[in-house]
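Below: the structure, in structure tokens.
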Amino acid sequence: MKLRVINPNTTQAMTDTIGQAARRVAGPGTLIVASQPASGPVSIESHFDEAVAAIGVAEEVLAGEREGTDAYVIACFGDPGLWSARELTRAPVIGIAEAAFHMAALIATRFSVVTTLGRTCVIAEHLLAQYGFEHQCRRVRAAEIPVLDLEHDPDASLRKIIEESLRAKEEDGVGAIVLGCGGMADLTEEISRAVGLPVVEGVTAAVKLAESLVHLGLHTSKHGDLDFPRPKAFAGRFSHFSA
Ligand code: 5HY
């Protein structure tokens with residue numbers, strides 16, 4: 001199967017980190033195509049960044065449809081453009097936040113999320129409510145690191161994520177930690193060893209869920225709200241979406 005793992009920001013180094021993590025857990029018959037939009041923010045740290053990134057995700061899904069893709073992963077913890085992406089394809093589309101919440105809820109009664117900047121915590125809280133996991137999540141915490149520090153200052157970033165995860169273990173009484181950024185895809189084992197708790201990371205969780213859906217022959221339902229968008233004209237720089 002061909003699995004397109006889309007990094008919705010436009011930082012190649014982070015796309016590479018995400019692609020490597022996906023390939024590390026992908027099954028023998030799974031081809032991972034790691035991609036990023038041609039246009040958009042270098043990192044996603046606000047509602048506006050998410051709004052712009054959602055268009056990039058849609059363009060990457062349409063590109064994947066031209067290349068015969070069996071499933072998609074949206075590798076940003078805000079799951080930007082998830083629902084519109086599901087309209088554009090029959091293939092399964094998995095957001096890394098949604099995947100991580102599902103996996104964490106299977107291994108612990110309670111979990112906490114450790115994400116990057118404090119201002120993005122509300123985005124994760126909105127997703128917890130939307131997906132119905134607000135009861136299993138004790139707290140969404142921030143290591144207060146800009147997303148690109150994961151690439152530019154990895155040692156300090158790792159130290160801050162471990163410190164915040166240890167605080168979650170001590171103060172939240174949780175059984176697992178969910179990492180709140182696609183750029184943390186390669187840090188799971190090190191953090192789990194340092195904190196002494198299971199650590200769930202969304203990119204690898206989403207790859208395994210996507211493979212399971214494809215192996216079960218399950219597709220995004222085209223009955224109802226996730227049916228393909230009705231063909232129409234788009235004006236200006238969105239004219240390439242016209243159908
Ligand atoms: C992510 N931003 O996973 C989110 C993390 C965040 O560029 N990739 C990003 O802080 O919401």
Side-chain angles (χ1 to χ4, degrees), residues 4-22 34-60 72-82 85 93-104 112-131 133 137 139-154 156-158 160-161 164-165 168 177-188 191 199-207 209-210:
R4 194 180 189 96
V5 179
I6 302 167
N7 171 21
N9 73 41
T10 55
T11 297
Q12 188 61 51
M14 194 164 283
T15 302
D16 297 344
T17 300
I18 289 166
Q20 281 149 22
S35 78
Q36 63 189 56
S39 306
V42 291
S43 64
I44 299 163
E45 299 169 325
S46 70
H47 300 292
F48 177 71
D49 296 344
E50 293 242 338
V52 176
I55 296 293
V57 167
E59 288 168 341
E60 283 304 303
Y72 299 87
V73 168
I74 299 176
C76 168
F77 205 75
D79 295 352
L82 177 63
V93 183
I94 311 285
I96 64 171
E98 188 174 21
F101 297 157
H102 277 289
M103 291 281 194
S112 283
V113 174
V114 176
T115 189
T116 55
L117 292 174
R119 67 173 296 162
T120 68
C121 290
V122 68
I123 296 174
E125 287 156 8
H126 286 172
L127 293 179
L128 286 161
Q130 186 187 134
Y131 302 146
F133 286 99
C137 183
R139 191 159 164 204
V140 178
R141 293 170 168 269
E144 282 309 340
I145 51 173
V147 168
L148 292 186
D149 272 19
L150 290 162
E151 300 293 335
H152 302 155
D153 193 356
S157 300
L158 177 60
K160 289 177 182 172
I161 297 166
E164 197 58 39
S165 300
I177 300 290
V178 166
L179 297 182
C181 182
M184 297 176 186
D186 56 346
L187 303 177
T188 316
I191 296 170
V199 171
V200 179
E201 182 286 312
V203 172
T204 49
V207 166
L209 279 176

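Residue indices begin at 1 and follow the sequence shown. Start at 1 and go down the list; that is how both ligands and their atoms are numbered. Because the structure is a prediction, the values reported are computed rather than measured.
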task: Measure the CG-OG1 distance between Leu179 and Thr116 for me, rounded to the nearest 0.5 Å.
output: 11.5 Å
Protein residues that have a heavy atom under 4.0 Å from any atom of ligand 1, sorted by chain and number: Asn9, Ser43, Ile44, Cys76, Phe77, Thr115, Thr116, Thr120, Val147, Gly180, Cys181, Gly182
Under the salt bridge (charged side-chain N to carboxylate O under 4.0 Å, His left out) test, residues paired with Glu201 that sit two or more places apart: none
query: Is the Phe101 ring parallel, tilted or perpendicular to the Phe133 ring (thresholds 30°, 60°)?
result: tilted
message: Quick one: does any side-chain atom of Glu45 pair with a main-chain N or O of Val147 as donor and acceptor, under 3.5 Å?
response: yes
message: Which residues pass the side-chain contact (heavy atoms from CB on, under 4.5 Å) test with Ala205, not counting sequence neighbours?
response: Ala99, Met103
field: Glu59: salt bridge (charged side-chain N to carboxylate O under 4.0 Å, His left out) partners, not counting sequence neighbours
entry: none
